[in-house]
Amino acid sequence: MKLYNSLTRAKEDFIPVTPGKVNIYVCGITAYDLCHVGHARSALVFDVLVRHLRRSNLEVFFVRNFTDVDDKIIKRAHDDGRDWREVAETYMRCFHEDMDRLGVLRADAEPKATDFIKEMQDLCERLLRENKAYATASGDVYFKVRAFPEYGKLSGRSPDELRAGARVAPGEEKHDPLDFALWKSAKPGEPFWESPWGKGRPGWHIECSAMSAPYLPLDIHGGGLDLIFPHHENEIAQTEAACACTLARFWVHNGFVQVNAEKMSKSLGNFTTIRDILERYLPETLRFFLLAKHYRSPVDYSFDSMDETERAQRRMYHALAEVDVALARDAWKALPFPSDRSAEAERLEDAFARALDDDLNTASALGHAFAFLKLVKSLLDDKKLRNSEGARDIFLRFRRCAGEWHDVLGLFGAEPAVFLAELRNCRITRGNIDTAAVETILERRAAARRDKDFAASDALRDELFAKGIEVRDTPQGQEWDIAG
RNA sequence: GGCGGCAUAGCCAAGUGGUAAGGCAGAGGUCUGCAAAACCUCCAUCCUCCGGUUCAAAUCCGGAUGCCGCCUCCA
């Protein structure tokens, strides 16, 4: 497959270092708060990448770490009057709960920073030995950026350019403003570990260098776009300065979730947690919404766009339900069948796979899935063709494709009737609908209809519509749903 | 200020040299007591603007404008 590499700023053929095997390391969360949509997107992007690589018969080892000791966690613990370990554990658990609900597969390894303290210290010592880092009187250890000539190769910045904007916080003892902390001496009340430089704790960047070390060289290192600088740049510097090897061949970065064209972030306070969303929408709707755009593009989150996603999603499941009904029949006729329809179905199945091979283009892939839906629907409505063996073959292919969409995208894999019922319940809850009251009106309407009193029947239908309820009259009786 | 990204119909969104996927909304039609749902059909001579390269550009190059991100913690 082709994959965009942030390092070269180009789409490249993805070829694993070891044939048939892929190591992926993705920067996970710092466990100090609930995850928001942005975290969901990042997790989803790499979830689909891993699924797709596995479907391409590659043996994937997927690592996603947790940062469980950090300034923010310590601050949060202090604010909540809790132990920092408890804070970290709480939010790691929440991460798992949220991601499980979204159908994000668990990583093969989920290292925690606090389990790698020894490795981080070893890495510091190695860099010190090689004169690529220095310890200060107060017990901090800094990386010497000037000792790594390639510094800036990922973010496209040169140390000289960075120099102008760099600053030194009060109390820091850096030799150079660009240098960054590998190890921080502990302040009173903070968690600490014994070290050759006194009591202290690791800097953020060194954590990932230590946790990814067992898997070098990585085929793919991933994370959000905002991690490129300084986090990933520093990670490269640490790892490559210490081991004289390549940290990762491909750097893959996902774009942001935005709100009103602005980045969703903690600092702007414009974030929506995954939990907030799942109170209003089904997990699969969020998945669909996020995967309907290319992973590197920004995505604007809003209720309106989620509602729109829901409508498209409903259409797909309706079609799936209809196809299942059609397939349950057993009276297929050997009629002449237009070969271009069959060829089109075959082409669309292939196009779906090709889209994912092209830099994980889930948006394009989904476009092909819906084009296939269109083809199937038209067949379903064709009174003659729908009973033909040619149509049956296309229906079967459609069903098989849906299985593929489920395997790789985690979409459209539910039992249609079950999903549709869940979706309806979800919309009823969201609309704050009094189901009992609706049923009462429907009973009165059914009575009016028995009496062929259409004026009364229509008045009741208008009354319901005013409450946001849409009624349909079907051969099986009245059906209702939330309007829109 | 430095570095980077994006600009496609009312909206969302694919498309990286060969003449604009898909979705939502909308219009007309079939169906219906009337509706709704479903299905069918239609809906960008054109891809922010100005130059250039080419037989050929939304796609490549140069410039302009607008928006966004990173440079401090951030998926």
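A quick note: this is a predicted structure, and the numbers were derived from the prediction, not measured. Within every chain, numbering begins at 1; the chains are lettered A, B, ... in the order of the sequence lines, protein sequences first and strands thereafter.
Nucleic acid contact class of A:Thr309 (heavy atoms, under 4.0 Å, all strands): none. Looking at heavy-atom distances under 4.0 Å, A:Phe229 makes contact with sugar-phosphate atoms alone, never a base. Counting any heavy atom pair closer than 4.0 Å across all strands shown, A:Gln258 reaches sugar-phosphate atoms only and no base atom. No contact: A:Gly222 has no heavy atom under 4.0 Å from any strand. No contact: A:Thr474 has no heavy atom under 4.0 Å from any strand. Within 4.0 Å (heavy atoms only), A:His36 reaches at least one base atom of the nucleic acid. Among the atoms of the strands shown, none is found under 4.0 Å from any heavy atom of A:Arg64. Using a 4.0 Å heavy-atom cutoff across all strands shown, A:Val45 reaches no nucleic acid atom at all. At a threshold of 4.0 angstrom between heavy atoms, the contacts of A:Ser155 are confined to the sugar-phosphate backbone, with no base atom among them. Here A:Ile228 lies out of heavy-atom contact (under 4.0 Å) with every strand. Nucleic acid contact for A:Asn361: sugar-phosphate only, since backbone atoms but no base atoms lie under 4.0 Å from a heavy atom of the residue. Using a 4.0 Å heavy-atom cutoff across all strands shown, A:Gly38 reaches at least one base atom of the nucleic acid.
Taking atom P on both nucleotides, B:rC61 is separated from B:rC24 by 35 Å, rounded to a whole Å. A gap of 33 Å separates the P atoms of B:rC73 and B:rG15, to the nearest Å. B:rA27 and B:rG66 are spaced 33 Å apart, taking the C1' atom of each and rounding to whole Å. Taking atom C1' in both B:rC39 and B:rA57, the straight-line distance is 38 Å, to the nearest Å. When the C1' atom is used for both B:rU19 and B:rC47, the distance is 12 Å, rounded to whole Å. Taking atom C1' in both B:rA20 and B:rA13, the straight-line distance is 13 Å, to the nearest Å. Annotation: B:rC67 and B:rG62 have their P atoms spaced 23 Å apart (nearest Å). Rounded to a whole angstrom, the distance from the C1' atom of B:rG33 to that of B:rA25 is 29 Å.
In the set B:rG33, B:rA75, B:rA38, B:rA75 carries the atom at the smallest distance from any side-chain atom of A:Ser42. Of the candidates B:rC24, B:rG33, B:rA75, B:rA75 carries the atom nearest the A:Asn254 side chain, counting heavy atoms from C-beta on. Here the side chain of A:Glu308 is nearest to one of B:rC12, B:rC34, B:rA14, namely B:rC12. Among the nucleotides B:rC73, B:rG15, B:rG4, the one closest to the side chain of A:Arg9 is B:rG4. Closest contact between the side chain of A:Lys11 and the listed nucleotides B:rG69, B:rA14, B:rU16 involves B:rU16. Side-chain atoms of A:Lys377 lie closest to B:rA38 of the nucleotides B:rA37, B:rA38, B:rG33. Nearest to the side-chain atoms of A:Ala312 among the listed nucleotides B:rG69, B:rA37, B:rG23 stands B:rG23. Here the nucleotide nearest the side chain of A:Arg157, chosen from B:rA35, B:rA14, B:rC3, is B:rC3. Considering only side-chain atoms of A:Lys72, the nucleotide from B:rA37, B:rC73, B:rA75 that sits closest is B:rC73. Checking B:rA14, B:rC24, B:rA37 against the side-chain heavy atoms of A:Arg315 singles out B:rC24 as nearest.
Remark on RNA chain B: of its neighbouring residues A:Ala455 and A:Gly367, the 5'-side contact belongs to A:Gly367, judged by nearest-heavy-atom nucleotide. Mapped onto RNA chain B by nearest heavy atom, A:Lys293 and A:His39 fall at different nucleotides, with A:Lys293 at the one closer to the 5' end.
By the 30° and 60° cut-offs, the orientation of the rings of A:Phe419 relative to A:Tyr317 is parallel. Ring geometry for A:Trp405 against A:Phe352 counts as tilted: the plane angle lies between 30° and 60°, on a 0 to 90° scale. Ring planes of A:Phe143 and A:Phe180: parallel class, angle under 30° (limits at 30 and 60°).
When the C1' atom of B:rA14 is taken as reference, atom CZ of A:Arg354 falls 13 Å away, rounded to whole Å. One atom, CG of A:Leu34, and another, P of B:rA75, lie 13 Å apart when rounded to the nearest Å. Remark: C1' of B:rA75 and CG of A:Leu102 are 14 Å apart, rounded to the nearest angstrom. Regarding A:Leu162, its CG atom lies at a distance of 9 Å from the C1' atom of B:rC3, rounded to whole Å. Atom NZ of A:Lys263 and atom C1' of B:rC68 are 11 Å apart (whole Å). Taking atom CH2 on A:Trp251 and atom P on B:rG4, their separation rounds to 19 Å, with Å as the unit. One can place CG of A:Leu411 at 13 Å from C1' of B:rG23, the figure rounded to the nearest angstrom. Atom CG of A:Asp357 is separated from atom C1' of B:rU16 by 17 Å (rounded to the nearest Å).
A donor-acceptor pair under 3.5 Å links the side-chain atoms of A:Asp219 to the main chain of A:Asn23, judged by distance alone. When atom types are taken as modelled, the side chain of A:Asp382 and the backbone of A:Lys384 share a donor-acceptor pair closer than 3.5 angstrom.
Within the structure, every side-chain polar atom (N or O) of A:Ser6 is placed at least 4.0 Å from both OP1 and OP2 of B:rG5. For the pair A:Lys374 and B:rG22, the criterion of a side-chain N or O lying under 4.0 Å from OP1 or OP2 is met.
The aromatic ring of A:Phe370 does not sit over the base of B:rG23, since the test of centres under 5.5 Å and planes under 30° is not met.
For A:Asn5, the side-chain contact (heavy atoms from CB on, under 4.5 Å) partners are A:Leu7, A:Thr8, A:Glu12, A:Phe250, A:Trp251, not counting sequence neighbours.
For B:rA9, there is no paired base (Watson-Crick or G-U wobble, both distances below 3.5 Å). The base-pairing partner of B:rG18, taking Watson-Crick or G-U wobble contacts with both distances under 3.5 Å, is B:rC55. Across every strand in view, B:rC47 sits unpaired, with no contact that passes the Watson-Crick or G-U test at under 3.5 angstrom. Applying the Watson-Crick and G-U wobble criteria (two distances, each under 3.5 Å), B:rA27 pairs with B:rU41. Across the strands present, B:rU32 finds no partner; the criterion is a Watson-Crick or G-U wobble pair with both atom distances under 3.5 angstrom.
Within 6.0 Å of NE2 on A:His96 lie more than 12 heavy atoms contributed by other residues, nucleotides or ligands. Within a 6.0 Å sphere centred on NZ of A:Lys266, other residues, nucleotides and ligands contribute more than 12 heavy atoms.
Judged by distance alone, with hydrogens and angles left aside, A:Arg41 brings no side-chain donor or acceptor close enough to the base of B:rA75 to form a pair under 3.5 Å. Between the side chain of A:Asp458 and the base of B:rG33, at least one donor-acceptor pair of N or O atoms lies under 3.5 Å.
For A:Arg64 and A:Phe46, the positive end is not near the middle of the six-membered ring at less than 6.0 Å and at most 45° from its axis.
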For this session: In sequence, state the C-alpha distance, the side-chain angles, and the governing distance for A:Arg93 and A:Glu97, and then conclude on salt bridge (charged side-chain N to carboxylate O under 4.0 Å, His left out).
Result: CA-CA 6 Å; A:Arg93 198 183 63 241; A:Glu97 286 171 6; 3.6 Å; yes

